[in-house]
Amino acid sequence: MTVSDPVVEAVVATVGRSATEIRRGLVGRRGAADGENPSGETQAEADVWADDLLAERLSSIDGIGQYASEERAEPLGCGADPGTDSSSYAVAVDPLDGSSNLQSNNAMGTIFGVYDAALPARGETLVAAGYVLYGPITTMVVATEETVTEYELTGGERTVVERDLAFPVEPTVYGFGGRVPDWPDDFRGYAREIEDELKLRYGGAMIGDVNQVLAYGGIFGYPGLESRPEGKLRLQFEGNPIGYVVERAGGRSSDGERSLLSVEADELHQRTPVYVGNAELIDRLESTLESGD
Ligand code: AHG
Ligand code: MN
Ligand code: MN
């Protein structure tokens, strides 16, 4: 099933086709590269390689005016400026999410967001977002203004496995990042309640953890920490795209106070606390953090 907007369809098809190659290309690229990403984190060889591959292919799509990724300090201009030319979009990519899982051979992902604005931009300007999950099967979830669709990817082709993907009504699993002693007291209180209600599922790659929450219902969070109140995840490349997918599927997203999609975007690599899940669980989290219990 293709996406109606031809530029978005070209992005989705390009990411889907590249996923098979990225998965194959992980072999032999599990070591550390020489550099650091703009967030100051050591890059894996696969981070850099996947970023170069996606930059070249996505920036050559007609209608894409900017390519940005968590591996690059600045956006790559590649056509009409999305800020002034309404027919031009910007694409923001996390080429390999959870690349620390390369060493342990656990799930990883590729995340993309298509913004109808120059970057950095608020999530409300997204027209589509999605992710590839490199699990036992390579799957891709794509959210647009119309719907959320899950595909299986084989040999560069994508086959629909679920249309109008919706959040399960009953929450089942949770996963919270960061170390417990580094959680602020109010979040820790909330986490203790959730631990008594749901099953722990945390794999160290946001995409693997979020996909479980979409499949089984529940909540994923990477909270603001005592040591780093802004949290770890990046708004443009992780928070906004996942917030968009989850909200299109009938869940909620939050930075602890409001939808991730309404968080002001000041810097390309700004971090934000990220919470996504069933609406009731997110509502409860926000009132807990608000009251500071
Ligand atoms: P990335 O590999 O793109 O930097 O993302 C890693 C992120 C995210 O995928 C995951 O939720 C989080 O880092 C895990 O952090 P911890 O290792 O602190 O659990
Ligand atoms: Mn990531
Ligand atoms: Mn990454």
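Computed from a predicted model, the values in this text were never measured in an experiment. As the structure lists them, so they are numbered: ligands from 1, and atoms in each ligand from 1.
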**Q** Are Glu41 and Ser39 linked by a side-chain donor-acceptor pair shorter than 3.5 Å?
**A** no
**Q** So which pairs with a foot in residues 237-249 pass salt bridge (Lys or Arg N to Asp or Glu O under 4.0 Å), sequence neighbours left out?
**A** Arg234-Glu238
**Q** Could you identify which residues cluster with Val169, counting Ile, Leu, Val, Met, Phe, Trp and Tyr as linked when any side-chain heavy atoms lie under 4.5 Å apart, either directly or through a chain of such contacts?
**A**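 Once heavy-atom contacts under 4.5 Å are chained together, Val169 still belongs with nothing else.
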**Q** Have a look around the Mn ion (ligand 2) and list protein N/O/S atoms under 2.8 Å, or say none.
**A**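 Within the sphere that stays under 2.8 Å of the Mn ion (ligand 2), the protein atoms of type N, O or S are Asp94 OD2, Asp97 OD1, Glu238 OE2.
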**Q** Using 30° and 60° as the class limits, which term best fits the ring planes of Phe187 and Trp183: parallel, tilted or perpendicular?
**A** perpendicular
**Q** Any chance you could measure Glu226, atom CD, to Arg188, atom CZ, to the nearest 0.5 Å?
**A**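 Glu226 CD to Arg188 CZ: 8.0 Å, rounded to 0.5 Å.
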**Q** Report every pair formed by an N or O atom of ligand 1 and a protein N or O atom separated by less than 3.5 Å, giving atom names and the distance to 0.1 Å.
**A**
from     : atom 1 : to     : atom 2 : distance (Å)
ligand 1 : 2 (O)  : Gly98  : N      : 2.8
ligand 1 : 2 (O)  : Ser99  : N      : 2.9
ligand 1 : 2 (O)  : Ser99  : OG     : 3.4
ligand 1 : 3 (O)  : Glu70  : OE2    : 2.9
ligand 1 : 3 (O)  : Asp94  : OD1    : 3.3
ligand 1 : 3 (O)  : Asp94  : OD2    : 3.0
ligand 1 : 3 (O)  : Leu96  : O      : 3.3
ligand 1 : 4 (O)  : Arg234 : NH2    : 3.1
ligand 1 : 5 (O)  : Asp97  : OD1    : 3.2
ligand 1 : 5 (O)  : Gly98  : N      : 3.4
ligand 1 : 5 (O)  : Glu238 : OE2    : 3.4
ligand 1 : 9 (O)  : Asp97  : OD1    : 2.7
ligand 1 : 9 (O)  : Asp97  : OD2    : 3.3
ligand 1 : 9 (O)  : Met206 : N      : 2.8
ligand 1 : 11 (O) : Met206 : N      : 3.3
ligand 1 : 13 (O) : Lys232 : NZ     : 3.0
ligand 1 : 15 (O) : Lys232 : NZ     : 2.9
ligand 1 : 18 (O) : Tyr222 : OH     : 2.7
ligand 1 : 19 (O) : Tyr202 : OH     : 2.7

**Q** Please evaluate residues Arg23 and Thr138 with respect to the criterion side-chain hydrogen bond (donor to acceptor under 3.5 Å, both in side chains), reporting the C-alpha separation (whole Å), side-chain torsions for both, the decisive distance (0.1 Å), and the verdict.
**A** CA-CA 8 Å; Arg23 187 181 188 114; Thr138 309; 2.7 Å; yes
**Q** Within the distance-only criterion (no hydrogens, no angle test), does the side chain of Asp182 pair as donor or acceptor with the backbone N or O of Ser227 below 3.5 angstrom?
**A**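 Side chain of Asp182 to backbone of Ser227, a donor-acceptor pair under 3.5 Å: yes, one is there.
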**Q** Before giving the answer on salt bridge (charged side-chain N to carboxylate O under 4.0 Å, His left out), spell out for Glu264 and Arg122 the whole-Å C-alpha distance, their side-chain angles and the decisive distance to 0.1 Å.
**A** CA-CA 6 Å; Glu264 273 313 319; Arg122 284 216 317 234; 2.6 Å; yes
**Q** May I ask you to check whether Glu230 and Gln270 show a side-chain donor-acceptor distance below 3.5 Å?
**A**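 The answer is no; no qualifying pair exists.
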